[in-house]
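All remarks here apply to the structure that follows.
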Amino acid sequence: MEGGSLLNHFEGVINRKGTSSVKWDLTKTVFGKEDVLPMWVADMDFKPPQEVLNALQDRLQHGIFGYTFVGDATADSITQWLKKRHHWLVNKEWLLYSPGVVPSISTIIQALTDPGDMVLVQSPVYTPFFSLVEDNERMIENAPLVYQDGAYTIDFEAFEQSLKKGVKLFLLCNPHNPSGRVWTQDELMKIGELCNQYNVVIVSDEIHCDLVYESHKHIPIASLDEKFAEQTITCIAPSKTFNLAGLQASAMIVKNAETREKIANVHKKQGFFTLSTFGIVGMEAAYRQGEPWLKDILIYLKENVKISKEFIQKHLPELHVVEPEGTYLLWIDCQKLGLSEKELTRRLLDKGKLALEPGSKYGPGGEGFVRMNIACPRELLQDGLQRLHRALH
């Protein structure tokens, strides 16, 4: 689909209120207001591929929902997807399943570290990276990303100094949330070599791996070197790619058999043994048949990024949008406004009636930023941009 047909494919606002939607139904709980446009939680306001809906409908029509298991067909759909999209050969024996990437990371922390152990993160970064470490009584070691000239890089000297402190796990976010950086092969090689040198396990959250824009390429760090594969646990899911978060289905790719057994043992203690019926069906259908839809949505999202950047440059030139190389998230630098986060949030909610994620949620270095989700029909996007202008003009 191109041009008008592509636009039509993703146009039309679908009312999500009353569907137990975190994004749309919890604004009063989270922000204290109901009359705001929610552009905060990282899910899309689009239906998933029709092939996925058809597969779910077929399974629903069958009508019996007894105990299920994740079989070879689902495993094959994942390994074939990784081979085709990311040129990564994965054996189905390496796969472990989980309701989501966040539960996966918590399980990994419990399986591979002890209370008091240090876990390395790079702020600003996805909020659960902090809470999962702290809730599991581990210690956060932070090697902040460097923000310079409107973009993010890694300070490898600081990164190595952190590793030297006795870190056990490193939580890598690639593509990076919230900045949208897609780490290059050179950067990933340096990360891998240093973690290998200091015997640190890499937990690579690659949930946004399929949402990468032209001229950039997602590279699974575990695919770069045999030794990286042995020390890396890669977390993936169809949830961001195909807007299936509510189906609660994800996978961990764990080549090292000993590591895999440790994680499986924690699952056993938790009583976890399978995914839901619809999680299994939806995940398999998405990975088998969702590629044409993904190709189209990336075109649509890229245009949404362009529209947003041009609007902000024209109407709010004091703001800076960090160029997203992947994800459907805009990380917006508001520091030149000279506002406290409290005042910035107040203006967004009271004047603009717009709910965005405040930057401080992403740890040190996030202050003065907001995160805006632009995975929505153009009508909602334009509304959101006008609200942003109204709030800050």
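Note: hydrogens, waters and symmetry copies are ignored here, and every other heavy atom, side chains too, is used.
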> How far apart are the C-alpha atoms of R138 and D117, what are their side-chain angles, what is the distance that settles it, and do they pass the salt bridge (charged side-chain N to carboxylate O under 4.0 Å, His left out) test?
Replying inline: CA-CA 5 Å; R138 275 63 168 173; D117 282 349; 5.7 Å; no
> Do Y198 and L194 pass the side chain to side chain contact (heavy atoms under 4.5 Å, CB included) test, and can you show the C-alpha distance, the side-chain angles, and the key distance before you say yes or no?
Replying inline: CA-CA 6 Å; Y198 292 98; L194 284 168; 4.2 Å; yes
> Stepwise, does the side chain to side chain contact (heavy atoms under 4.5 Å, CB included) test hold for H267 with T107?
Replying inline: CA-CA 7 Å; H267 269 164; T107 299; 3.9 Å; yes
>> Apply salt bridge (charged side-chain N to carboxylate O under 4.0 Å, His left out) to residues D76 and R288 and explain how you reach the verdict.
In response: CA-CA 9 Å; D76 288 341; R288 287 202 189 282; 5.0 Å; no
> Can you list the steps and then say if F311 with L388 is a side chain to side chain contact (heavy atoms under 4.5 Å, CB included)?
Replying inline: CA-CA 10 Å; F311 180 94; L388 182 67; 5.6 Å; no
>> Run the side-chain hydrogen bond (donor to acceptor under 3.5 Å, both in side chains) test on Y152 and W331 for me, step by step, so that the C-alpha distance in whole Å, both residues' side-chain angles and the decisive distance to 0.1 Å come before the verdict.
In response: CA-CA 11 Å; Y152 284 91; W331 187 235; 2.8 Å; yes
> Between K295 and E291, is a salt bridge (charged side-chain N to carboxylate O under 4.0 Å, His left out) present by the stated rule, with each step listed?
Replying inline: CA-CA 6 Å; K295 182 180 176 183; E291 193 168 38; over 6 Å; no
> Could you go step by step and tell me if Q335 and Y147 meet the side chain to side chain contact (heavy atoms under 4.5 Å, CB included) rule?
Replying inline: CA-CA 12 Å; Q335 293 178 92; Y147 181 63; 4.1 Å; yes
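Judged by the 6.0 Å and 45° rule, R59 forms no cation-pi pair with F65.
Between the side chain of D25 and the main chain of G18, a donor-acceptor pair closer than 3.5 Å is present. Formation of a donor-acceptor pair under 3.5 Å by the T345 side chain with backbone atoms of E341 is found in this model.
Across all their heavy atoms, E343 and L339 have their closest contact at CG-CD2, 3.9 Å. Nearest heavy-atom pair across L224 and F228 is CB-CD1, 4.0 Å. Scanning both residues, S104 and S250, for their nearest heavy atoms gives OG-OG, 3.7 Å.
Two residues are said to be in side-chain contact when any heavy atoms from C-beta on lie closer than 4.5 Å; Y67 and T277 fail this criterion. Looking at heavy atoms from C-beta onward, T241 lies out of side-chain contact with W293 at the 4.5 angstrom threshold. At a threshold of 4.5 Å between non-hydrogen side-chain atoms, the residues S308 and M372 do not count as touching.
Checked against the 6.0 Å centroid criterion, the rings of F46 and Y300 qualify as a close aromatic pair. A centroid separation of 6.0 Å or more is found between the aromatic rings of H315 and H393.
Surrounding CG of N54 are more than 12 heavy atoms belonging to other residues, nucleotides or ligands, all under 6.0 Å away.
Each of L82, I219, V101, I221 was compared with E206 under the side-chain contact (heavy atoms from CB on, under 4.5 Å) criterion, and only I221 meets it.
Using bins of under 30°, 30° to 60° and over 60° for the plane-to-plane angle, the ring pair H208/Y328 lands in the perpendicular bin. Using bins of under 30°, 30° to 60° and over 60° for the plane-to-plane angle, the ring pair W81/Y287 lands in the tilted bin.
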